[in-house]
Amino acid sequence: MRRPDTRLALEHRSRFYSAVWHDAASQLGASVKLLGNDILEIQHGQDSTRVQQNTTAIENAITVVVAQNKPLVHRLLSQRFLQTPTCCEFTLNEIDKAAAFVQGASTKCVVKPTNGGGGRGVTTGISRTFDLVCAAAQAAVYGADLMVERQVKGELYRLLYFDGTLMDAVLRKPPTVSADGKSTVRELIRRENEKRLKTGPTLAHALITVDTDMRNTLQQQGYT
């Protein structure tokens with residue numbers, strides 16, 4: 001069962017995308033009909049399409065499946081001579097193989113499930129075997145097949161292409177809170193989430209959650 005604050009955040013996100021599609025449809029003189037479960041049917045003359053939040057009919061199922069398979073994406077990019085981080089595939093029964101990879105890496109590493117998206121089960125900043133085991137256990141919740149790869153420093157951009165043309169680029173910044181000299185990190189996160197819920201999706205589309213990745217990041221900064 002979802003917490004009330006999580007449900008409210010999801011409702012904000014739903015209303016945001018509904019407003020986006022209604023606005024786009026009105027600019028074209030198209031009509032919008034809610035079918036249920038956030039699925040909208042957009043009709044313009046004899047043409048129609050269906051969308052659900054940021055998912056459209058343009059995305060075919062096999063493309064999504066390929067995109068969610070991280071080792072496959074690595075191989076496809078390498079075949080096109082595009083640089084990808086060195087990685088190692090493993091399962092919990094092969095944790096020694098992953099530990100050897102981390103020990104031999106010249107940088108910190110990232111642990112993640114091989115399938116999926118949205119950052120689920122991903123832990124960054126791995127440099128010790130103990131942290132690797134914790135991160136692997138967290139990732140295994142989302143699938144038995146795991147991978148560890150060298151972490152690359154830099155900003156995170158999401159690029160939107162349509163028919164080979166770059167339409168837009170979004171810089172995705174990590175969540176931050178500002179200390180006040182007396183509150184715990186958990187209290188700061190609670191206030192930030194309250195602000196997000198009060199402001200709505202114009203500020204953020206999700207709440208900050210305390211997970212393995214956050215704990216690991218705080219530990220590296222000397223915090224708990």
Side-chain angles (χ1 to χ4, degrees), residues 1-17 19 38 53-54 70 85 87 90 92 95 98-99 101-103 105-144 146-158 170-224:
M1 182 179 296
R2 292 194 176 104
R3 292 159 43 113
D5 53 356
T6 302
R7 289 199 299 269
L8 181 56
L10 291 174
E11 290 171 7
H12 283 324
R13 178 184 174 91
S14 176
R15 286 196 293 269
F16 170 83
Y17 280 110
D38 286 340
Q53 296 195 4
N54 62 346
K70 300 177 183 71
C87 66
F90 70 103
L92 289 180
I95 198 71
F101 179 90
V102 171
Q103 292 170 6
S106 57
T107 64
K108 292 181 180 179
C109 296
V110 182
V111 172
K112 58 183 72 172
T114 58
N115 280 282
R120 289 181 289 274
V122 177
T123 303
T124 60
I126 301 299
S127 59
R128 303 182 306 167
T129 300
F130 176 79
D131 297 328
L132 167 67
V133 173
C134 294
Q138 173 68 22
V141 173
Y142 301 92
L146 313 174
M147 65 186 296
V148 55
E149 62 184 12
R150 291 185 178 181
Q151 185 169 325
V152 179
K153 291 184 178 181
E155 302 286 4
L156 174 60
Y157 290 90
R158 173 164 288 186
V170 176
L171 171 61
R172 306 186 71 183
K173 296 182 178 181
T176 60
V177 292
S178 298
D180 58 10
K182 57 183 180 181
S183 300
T184 65
V185 174
R186 190 179 295 276
E187 289 170 340
L188 295 173
I189 292 172
R190 177 181 56 78
R191 288 204 290 268
E192 171 63 22
N193 282 337
E194 289 175 350
K195 179 181 178 182
R196 292 185 175 199
L197 290 173
K198 182 178 180 180
T199 306
T202 55
L203 175 62
H205 283 185
L207 301 179
I208 299 177
T209 57
V210 179
D211 56 14
T212 304
D213 191 37
M214 177 184 290
R215 294 180 186 278
N216 197 42
T217 301
L218 289 172
Q219 180 183 352
Q220 293 174 39
Q221 298 176 18
Y223 301 116
T224 62

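Here the structure is a predicted model, which means the values were calculated and not measured. We're numbering straight along the sequence, starting at 1. Just so you know, these numbers use all the heavy atoms, side chains as well, and skip hydrogens, waters and symmetry mates.
- When all heavy atoms are compared, the tightest approach of Pro113 to Leu146 is CA-CD2, 4.1 Å.
- Rounded to the nearest 0.5 Å, atoms CZ (Arg190) and OG1 (Thr184) are 8.5 Å apart.
- A 4.5 Å side-chain heavy-atom check between Thr129 and Val102 finds every atom pair outside the cut-off.
- Defined by atom type and a distance below 3.5 Å, a donor-acceptor pair is present between the side-chain atoms of Asp38 and Ser14.
- Smallest separation of non-hydrogen atoms from His12 and Pro201: O-CG, 3.4 Å.
- The minimum heavy-atom distance linking Ile208 with Met214 is given by the pair CG2-CE, 3.3 Å.
- Screening residues 128-137 for salt bridge (Lys or Arg N to Asp or Glu O under 4.0 Å) gives Arg128-Asp131 as the qualifying pairs, with residues at least two apart or on separate chains.
- Applying the salt bridge (Lys or Arg N to Asp or Glu O under 4.0 Å) definition to pairs two or more places apart or across chains, those involving residues 170-181 are Asp180-Arg191.
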Compile the donor-acceptor pairs under 3.5 Å between side chains in residues 132-143 and protein atoms, sequence neighbours left out, one pair per line.
none

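- Partners of Arg215 according to the side chain to side chain donor-acceptor pair (under 3.5 Å) rule, which considers only residues two or more places apart in sequence or in another chain, do not exist here.
- The closest side-chain heavy-atom distance from Ile95 to Phe90 is below 4.5 Å.
- At a threshold of 4.0 Å, the pair Glu149-Lys112 counts as salt-bridged, since one of the basic side-chain nitrogens sits closer than that to a carboxylate oxygen.
- Going from atom CZ of Arg150 over to atom SG of Cys109 covers 7.5 Å, rounded to the nearest 0.5 Å.
- For the residue pair Lys70 and Met147, the shortest heavy atom distance occurs at CB-SD, 3.5 Å.
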How far apart are the C-alpha atoms of Asn193 and Asp5, what are their side-chain angles, what is the distance that settles it, and do they pass the side-chain contact (heavy atoms from CB on, under 4.5 Å) test? CA-CA 9 Å; Asn193 282 337; Asp5 53 356; 5.8 Å; no
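- Pro85 approaches Val152 most closely through the heavy-atom pair CG-CG2, 4.1 Å.
- Counting only heavy atoms from C-beta outward, the side chains of Glu192 and Leu207 never approach each other to under 4.5 Å.
- Counting heavy atoms from C-beta outward, Leu10 and Arg7 have side chains that stay 4.5 Å or more apart.
- The distance from atom CD1 of Ile189 to atom CZ of Arg196, rounded to the nearest 0.5 Å, is 10.0 Å.
- Within the model, atoms CG of Leu8 and CG of Leu197 stand 5.0 Å from one another, a figure rounded to the nearest 0.5 Å.
- Judged as a salt bridge (charged side-chain N to carboxylate O under 4.0 Å, His left out), and not counting sequence neighbours, Glu11 has no contacts.
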Per-pair distances, 0.1 Å, donor-acceptor, side chain in residues 217-224, under 3.5 Å, sequence neighbours excluded:
{"from": "Thr217", "atom 1": "OG1", "to": "Asp213", "atom 2": "O", "distance (Å)": "2.8"}
{"from": "Gln220", "atom 1": "OE1", "to": "Lys108", "atom 2": "NZ", "distance (Å)": "2.7"}
{"from": "Gln220", "atom 1": "NE2", "to": "Gly125", "atom 2": "O", "distance (Å)": "2.9"}

Quick one, Tyr17 with His205, criterion ring pair (Phe, Tyr, Trp, His ring centres under 6.0 Å). Give me CA distance, side-chain angles, the key distance, then yes/no. CA-CA 10 Å; Tyr17 280 110; His205 283 185; 5.7 Å; yes
